[in-house]
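Keep in mind that this is a model prediction, so the values were computed, not measured. In what follows, every heavy atom counts, from backbone to side chain, and hydrogens, waters and symmetry copies are set aside.
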Amino acid sequence: MAERSADRVTVPDVVGLPFHVGRDVAADAGVALANRDPDGPPIAALTWPGLFYITSQSPAAGSTVYRWDSVGVETAPFGEAQSEAERSAPTPPLSDIDHAAPERESFVDLTDEGTPNSS
């Protein structure tokens, strides 16, 4: 087998990034993101349309590969990625809503009760 003439680059860490950001980080490092399943559809077809996060990659970050080699990634749609992080409870709304009520600066009476009835 002939030696490859491409230079070697370091694989960046793209796990946890939105796919579109990870793709740019990988391209800047000189590698391309790809579907881990070589018989499956292209990774771009799996991550469009919508917001997808990268959940794993192979080879691992810090590995060296030839420039423009593929880094296999798995993705999950936004909101479906597994996480060990605890979710904090949402903050309750403010109980004092007086700050949201406008104050009247003037009042105009349009009923005009002082005019006689015309019959």
Is it true that Ile54 and Trp48 fall in one hydrophobic cluster, defined by side-chain heavy atoms closer than 4.5 Å? no
Rounded to the nearest 0.5 Å, how far does CG of Asp24 lie from CG of Leu17? 10.5 Å
Euclidean distance, Phe19 CZ relative to Leu33 CG, rounded to 0.5 Å: 5.5 Å
Salt bridge (Lys or Arg N to Asp or Glu O under 4.0 Å) partners of Arg36, counting only residues at least two apart: Glu74
For Thr64, give me all partners under side chain to side chain donor-acceptor pair (under 3.5 Å), at least two apart in sequence or on another chain. Arg8
Looking at Thr55 and Ala76, what are the two nearest heavy atoms and their distance? CG2-CB, 3.8 Å
Between CZ of Phe52 and OG1 of Thr75, what distance do you get to the nearest 0.5 Å? 6.0 Å
Donor-acceptor check, side chain of Asp13 to backbone of Val15, threshold 3.5 angstrom: yes or no? yes
With Asn35 as reference, evaluate Pro41, Ser70, Pro42 under the side chain to side chain contact (heavy atoms under 4.5 Å, CB included) test and give the passing residue. Pro41
Is any side-chain heavy atom of Leu51 less than 4.5 Å from a side-chain heavy atom of His20? yes
With rounding to the nearest 0.5 Å, note down the distance linking CH2 in Trp68 to CG in Asp7. 10.0 Å
Between Val14 and Tyr66, is there a shared hydrophobic cluster once you connect ILVMFWY residues whose side-chain heavy atoms come closer than 4.5 Å? no
What's the spacing between Thr47 OG1 and Arg23 CZ if we round to 0.5 Å? 7.0 Å
Might you work through the side chain to side chain contact (heavy atoms under 4.5 Å, CB included) test for Val31 and Gln57, ending with a clear yes or no? CA-CA 12 Å; Val31 296; Gln57 73 180 66; over 6 Å; no
Exercise: identify the closest heavy-atom pair between Ala29 and Thr10: CB-O, 4.0 Å
